[in-house]
Amino acid sequence: MSESPARLAVLFGPRRGTAREVRERLLVGRVPEADLQLLDEKVSREHCVFERKPSGFELRDLGSRNGTWVNGERLTAPRVLQVNDSIGVGETVLVWEADVEALLARDGDSTLIMSKGPLGLTTAAAAPGEDAWARAGKLLLESAIASSGDEAAKKLALAMAEGLGAEAVLICRRNAEGEWQPWLAQPPGATVTAHATLAELAVRQQRAVSVEHHQRHALRDEQTTSLTSAPAFVMCAPLVGDAQGGAVFAVRRSTFDSRELALATALAQAASPSLKVEPAVAAPRASELALIAESASMKALVASAQRVAPAGSTVLLTGESGSGKEMLARFIHQHSKRVRGPFIALNCGALPRELAESELFGHERGAFTGATQTHPGVFERAQGGTLFLDEVGELLPELQVKLLRVLEERLVWRLGARVPTTIDVRLVAATNRELELDVKEKKFRADLFWRLNVVRLTLEPLRSRRDDLAPLTRSLIARHARSLGRATSDISAEAMKALERCDWPGNVRQLSNAIERALVLKAGDGPIDLSDLPPELLGGPAAAAEDHGAPRTLAERIAQVEREQILLAMQRARGVKAQAATELGISRPTLDRKLEEYDIDWVADR
């Protein structure tokens with residue numbers, strides 16, 4: 001991250017529950033008379049204005065040279081602001097918030113800012129008193145008997161603050177890609193800026209080290225939050241004795257001496273077992289998940305997926321519906337460093353409009369009518385693992401904006417939340433749409449497309465990789481036979497030739513359904529034969545009728561469907577006629593009559 005401090009200004013409306021007078025108009029620009037003066041060459045003298053209207057607070061651009069931007073779009077007409085709207089004015093970013101308390105809570109997340117640079121390791125000054133270290137020791141004992149890792153981390157942070165007289169303590173863990181992520185801070189909301197190499201050095205040498213490094217501080221008034229930088233010293237101690245799982249940072253204005261560093265090392269290592277920090281090493285590969293790859297295109301795809309998996313980059317999977325995109329996403333997860341974490345899949349096209357935002361980002365209790373308890377979204381449920389967003393091209397435009405923000409900031413705001421949640425998730429998205437065309441037609445955001453399109457893998461349709469058909473068919477037979485309790489594990493040569501003649505518009509999903517149907521309806525446990533396959537796979541109804549006795553008339557087709565449904569119901573009921581009759585919505589005598597009419601001898605068949 002850059003050494004130069006970022007500039008941040010945050011505007012707010014009325015404080016809820018108070019009678020404080022509210023500013024009706026706020027001018028932003030370079031002129032001294034501006035209510036919010038921004039000394040920036042990219043900001044016009046009178047750049048934009050916020051005005052209170054009956055409908056809410058309205059933002060209007062005043063003909064500025066570089067424009068006013070809201071959520072990444074240039075403002076061309078007055079706009080009523082919504083909570084969390086991001087406003088760009090020159091080099092300054094403003095975030096609209098209607099509640100002062102919520103505004104201040106924005107700076108409440110523990111933050112670790114890592115930067116590269118030479119280490120000027122320090123020694124020095126006065127050690128804290130014995131009483132401070134005695135209190136630290138007591139807190140360490142409490143950490144050892146804590147009921148959870150989070151509670152133990154809190155006690156360790158307090159012990160470090162007591163023993164070292166630190167202004168801020170931050171405990172961090174590595175994610176699956178080996179990056180340092182904040183875990184817990186003391187006091188809550190602490191921000192620590194440090195060289196990335198400081199943590200690496202502490203872990204490599206297995207002792208606490210210290211460096212002089214300017215720290216960033218947030219200064220707030222009723223209109224702005226600005227970031228400043230001040231001299232300070234940062235100490236880092238490794239948490240796990242022989243692994244690279246975590247570290248604890250402490251910040252204060254005076255230097256750390258050798259005695260303090262030694263005591264900090266002992267304190268951190270003594271607390272490590274109770275924190276349950278695991279080393280960030282690659283987990284064993286899951287051998288049960290394998291992609292069928294006999295065709296040249298699939299071999300190339302699998303090789304690409306194996307190279308991409310450990311990297312942690314966002315992946316976009318494209319291909320026709322049913323071509324196996326979710327299976328490929330699971331393969332990437334299983335071959336990644338996140339294999340120990342969860343794999344969460346969500347079909348964006350199946351999300352009800354009114355529940356879509358809650359399912360993606362979660363909600364707090366009481367956020368809306370019916371929200372009786374807190375609900376984490378899929379990003380939080382996938383923490384430390386992989387999130388698979390299928391049919392991402394079907395996302396509503398307003399959700400596309402919020403998804404982009406999450407991917408860029410790595411923060412999730414639950415509905416009704418006052419503070420965001422930091423996420424550590426690897427995203428794999430999939431679509432069967434031509435997203436480039438959707439971008440041109442303004443159906444999909446261009447900035448989100450480029451954020452998703454980091455690594456792109458395309459699955460060819462099944463009809464284009466005929467070499468995969470036979471091994472894929474046998475793999476599906478084995479899988480469905482196990483789940484259905486059938487002994488069948490093969491397919492006849494005639495049936496296989498019939499499958500090879502199909503175009504498979506439904507791809508692997510259609511093949512899987514055809515195999516499952518054949519196993520459910522076939523008599524006996526021999527190989528799947530031509531007569532077991534669905535008629536539509538045998539050249540259509542006419543050809544099937546001519547060659548294989550398939551029904552020609554409407555009555556014959558209805559009878560065939562009825563017979564199949566009765567067989568399916570009997571299969572699910574495991575031969576219990578009363579249960580099958582209930583499922584079919586007919587009486588037991590009617591079921592007996594149908595079994596006789598269609599010459600179904602269940603005992604003989606099964």
Side-chain angles (χ1 to χ4, degrees), residues 10 12-18 56-57 71 80-86 95-111 146-155 157 171 173 181-190 225 276 341-348 350-389 395-425 427:
V10 185
F12 63 88
R15 183 185 301 221
R16 295 191 184 113
T18 71
F57 285 89
N71 298 330
V80 176
L81 294 172
Q82 304 295 321
V83 173
N84 294 335
D85 275 349
S86 178
V95 179
W96 181 260
E97 176 57 69
D99 187 331
V100 177
E101 283 72 23
L103 165 65
L104 298 179
R106 278 183 174 275
D107 294 312
D109 259 14
S110 302
T111 305
S147 58
S148 68
D150 288 343
E151 183 64 23
K154 182 178 179 180
K155 296 295 183 182
I171 299 177
R173 292 181 292 194
Q181 297 289 329
W183 177 9
L184 184 139
Q186 177 60 36
T225 297
K276 303 176 177 63
F343 178 89
I344 303 295
L346 179 70
N347 188 333
C348 300
L351 286 174
R353 188 182 189 95
E354 62 277 7
L355 298 177
E357 185 172 357
S358 173
E359 185 58 28
L360 275 170
F361 310 120
H363 66 254
E364 295 289 337
R365 180 180 179 182
F368 51 85
T369 303
T372 57
Q373 58 185 4
T374 298
H375 171 70
V378 291
F379 277 95
E380 291 183 68
R381 300 204 296 272
Q383 190 77 291
T386 302
L387 174 60
F388 175 57
L389 293 182
L395 271 180
L396 300 171
E398 57 268 28
L399 292 182
Q400 293 179 24
V401 176
K402 295 184 177 182
L403 175 59
L404 176 64
R405 186 174 299 174
V406 168
L407 296 180
E408 290 179 342
E409 299 176 355
R410 294 291 167 173
L411 296 174
V412 167
W413 286 82
R414 292 180 182 173
L415 290 173
R418 299 176 67 85
V419 294
T421 300
T422 303
I423 58 164
D424 174 26
V425 172
L427 181 68

Nearest 0.5 Å, what's the OG-CD distance between Ser86 and Glu409? 7.5 Å
For Glu359, which residues count as a salt bridge (charged side-chain N to carboxylate O under 4.0 Å, His left out) partner, sequence neighbours excluded? Arg381
Gln400 side chain vs Leu395 backbone, donor-acceptor pair below 3.5 Å: yes
Residue pair Thr421 / Phe379, side-chain heavy-atom distance below 4.5 Å: no
Side-chain contact test, heavy atoms from C-beta onward, threshold under 4.5 Å: evaluate it for Leu403 versus Leu389 and give yes or no. yes
On a heavy-atom basis, which atom in Leu415 and which in Ala367 lie closest, and how many Å separate them? O-CB, 3.3 Å
Which pair of heavy atoms, one from Leu411 and one from Ile423, lies closest together, and at what distance? N-CG1, 4.3 Å
Which of His363, His375, Glu380 passes side-chain hydrogen bond (donor to acceptor under 3.5 Å, both in side chains) with Arg414? It is Glu380
Ile344 side chain near Thr386 side chain, heavy-atom distance below 4.5 Å: no
In Å, rounded to the nearest 0.5 Å, how long is the span from NZ of Lys402 to CG of Leu396? 11.0 Å
Ring-plane angle category for Phe388 and Phe343, please: parallel below 30°, perpendicular beyond 60°, tilted otherwise. parallel
Identify the heavy atoms of Pro342 and Gly384 that sit nearest to each other, and give their distance. CD-C, 4.3 Å
Please walk me through it: do Leu360 and Val406 pass side chain to side chain contact (heavy atoms under 4.5 Å, CB included)? CA-CA 10 Å; Leu360 275 170; Val406 168; over 6 Å; no
Heavy-atom side-chain proximity of Val425 to Gln383 below 4.5 angstrom: yes
